[in-house]
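Note sheet for the following structure.
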Amino acid sequence: MEQNPKQNYAKTGYLHTDFKLFYLTDCNKKEFDFHYHDFYKVLIFLNGNVSYSVEGKYFDLQPDDVLLVSAGEIHRPVIHSNTPYERIVVYLSRNFFEKYKEDDFDLFYCFQEAKAAGSSLIRVVEAVRPRFAALSRELSLSCQDRDFAGPLYRRIKFLEYLILLNRSLLNRDTACIRATGFNETILNIMNYINEHINEDLDIETIAEHFYLTRYYIMHLFKAETDITIGKYITEKRLFTARKLIRNGSSVTDACYQSGFRNYSAFYRAYKNKYGESPRGNS
């Protein structure tokens with residue numbers, strides 16, 4: 001499951017292959033903590049009374065909506081009632097998209113389009129909704145399939161869904177939906193942090209850049225995200241370092257390129273977060 005009650009910003013879920021698909025239902029209203037993954041996530045919303053927070057933006061979900069969460073993005077669902085929260089969740093590595101990429105198409109297009117629109121949510125129009133709903137049902141049933149080549153069948157059905165999603169975006173049969181709620185100041189602060197993650201970042205520097213007081217920024221960030229700004233910076237730096245190491249950087253280079261200035265502190269934080277030393281990924 002996605003919940004980890006011990007940490008506010010937990011890295012949750014594990015992906016040891018390039019593809020993993022779940023059908024999940026929660027029947028009781030419960031709280032999910034903010035968390036992130038080091039892979040990509042597709043959530044096909046089937047039922048419930050749910051909003052989703054992704055990097056400071058809030059989206060109200062409707063049946064057949066598709067939520068796209070990129071690697072490293074802080075997110076969580078907010079469940080508003082005891083209506084069963086039903087969804088299909090798919091974990092995807094970047095290699096998954098590279099495996100099926102061709103010169104004339106890229107299944108990663110949906111993520112690129114959503115990001116360009118400043119959104120994480122794709123909504124289908126009524127005319128094509130039956131096709132999406134039918135494929136969603138097949139995906140749900142495929143999770144229980146124990147027949148010959150069941151895992152391959154699930155992958156094929158999801159590829160079919162992903163092709164339909166990208167085609168619909170290109171044909172304007174689906175649309176990237178604007179967030180229903182956000183705090184512009186918080187979004188600007190998050191963008192600033194992510195754009196300057198390898199630099200010296202502290203509350204005073206950020207406050208000075210935005211002409212706000214240190215106390216105001218700390219209070220606002222905590223109130224809007226349920227996380228301290230210092231914790232957010234650390235988590236983003238750890239994610240950046242992990243990505244750099246996996247892409248071939250040395251541990252030392254990854255430490256300093258992700259904004260850490262003390263190797264010992266970086267080593268301890270990394271091991272505490274991921275349960276292994278950074279050298280274990282190099």
Side-chain angles (χ1 to χ4, degrees), residues 13 15 17-22 36-46 52-75 77 87-140 142 151-180 182 187 190-191 194-195 239-240 243 246-247:
L15 188 64
T17 62
D18 64 355
F19 169 84
K20 201 171 183 179
L21 186 146
F22 310 86
Y36 71 91
H37 311 285
D38 54 10
F39 46 82
Y40 294 84
K41 175 178 175 178
V42 175
L43 185 145
I44 303 170
F45 182 67
L46 303 177
Y52 226 98
S53 172
V54 183
E55 287 288 314
K57 296 180 180 180
Y58 291 86
F59 301 90
D60 293 331
L61 304 187
Q62 297 180 11
D64 301 313
D65 279 354
V66 184
L67 188 83
L68 304 178
V69 182
S70 293
E73 289 188 329
I74 307 299
H75 62 280
R87 71 275 192 202
I88 296 167
V89 177
V90 189
Y91 293 164
L92 303 162
S93 74
R94 194 64 176 89
N95 288 336
F96 175 90
F97 296 100
E98 294 297 327
K99 181 182 293 186
Y100 301 104
K101 183 178 180 180
E102 299 289 346
D103 290 340
D104 56 345
F105 69 83
D106 184 355
L107 296 177
F108 195 68
Y109 171 77
C110 54
F111 277 89
Q112 295 170 332
E113 186 75 359
K115 184 175 182 180
S119 178
S120 299
L121 186 67
I122 296 175
R123 181 164 295 158
V124 303
V125 300
E126 289 298 326
V128 297
R129 182 167 300 202
R131 293 185 63 192
F132 278 90
L135 264 179
S136 295
R137 285 194 296 272
E138 291 182 35
L139 278 172
S140 301
S142 76
L152 178 59
Y153 178 73
R154 281 188 286 280
R155 181 182 290 257
I156 290 171
K157 296 310 295 184
F158 179 69
L159 283 169
E160 184 180 352
Y161 188 95
L162 203 53
I163 290 169
L164 177 62
L165 180 65
N166 281 286
R167 284 182 176 180
S168 296
L169 276 169
L170 287 165
N171 294 331
R172 298 296 183 260
D173 291 329
T174 56
C176 297
I177 302 300
R178 292 176 60 87
T180 52
F182 61 89
L187 293 184
M190 286 180 165
N191 289 335
N194 285 288
E195 290 170 2
F239 174 77
T240 301
K243 185 176 180 180
R246 288 183 167 179
N247 288 338

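In this text the structure is predicted, and so the values were computed from the model without any measurement. The first residue in the sequence is number 1, and the count goes up from there.
Here the side chains of I122 and C110 are in contact, with some heavy-atom distance below 4.5 Å. Proximity of D38 to R246: side-chain heavy atoms (C-beta onward) are separated by under 4.5 Å at one or more points. Between V54 and K41 there is no side-chain heavy-atom pair separated by less than 4.5 Å. Annotation: side chain of L43 is not in contact with side chain of I88 (no heavy-atom distance under 4.5 Å). At a threshold of 4.5 Å between non-hydrogen side-chain atoms, the residues F158 and L135 do not count as touching. Residues L165 and F132 meet the side-chain proximity criterion, which asks for heavy atoms closer than 4.5 Å.
Between the side chain of S53 and the backbone N or O of H75, no donor-acceptor pair lies under 3.5 Å. Counting only distance, with no hydrogens or angles, the side chain of S119 and the backbone of I177 share a donor-acceptor pair below 3.5 Å.
Aromatic ring centres of F45 and Y52: separated by at least 6.0 Å. Residues Y91 and H37 bring their aromatic ring centres within 6.0 Å.
Relative to the ring axis of F108, R94 places its NZ or CZ within 45° and under 6.0 Å from the centre.
Applying the salt bridge (charged side-chain N to carboxylate O under 4.0 Å, His left out) criterion to D173, with sequence neighbours excluded, gives no partner residue.
Scanning all heavy atoms of the two residues, the minimum distance from S136 to Y161 falls at OG-CE1, 3.7 Å.
Rounded to the nearest 0.5 Å, atoms OH (Y100) and CG (L107) are 9.0 Å apart. Atom-to-atom distance recorded for E73:CD and N194:CG is 9.0 Å, nearest 0.5 angstrom. In this structure, CG in L169 is found 10.0 Å from CG in L164, a value given to the nearest 0.5 Å.
Listed by first and then second residue, the salt bridge (charged side-chain N to carboxylate O under 4.0 Å, His left out) pairs involving residues 109-125 are D65-R123 (not counting sequence neighbours).
Taking 4.0 Å as the cut-off between side-chain N and carboxylate O, D18 and K99 count as a salt-bridged pair.
A perpendicular orientation is assigned to the rings of F97 and Y40, their planes being inclined by more than 60° (bins at 30° and 60°).
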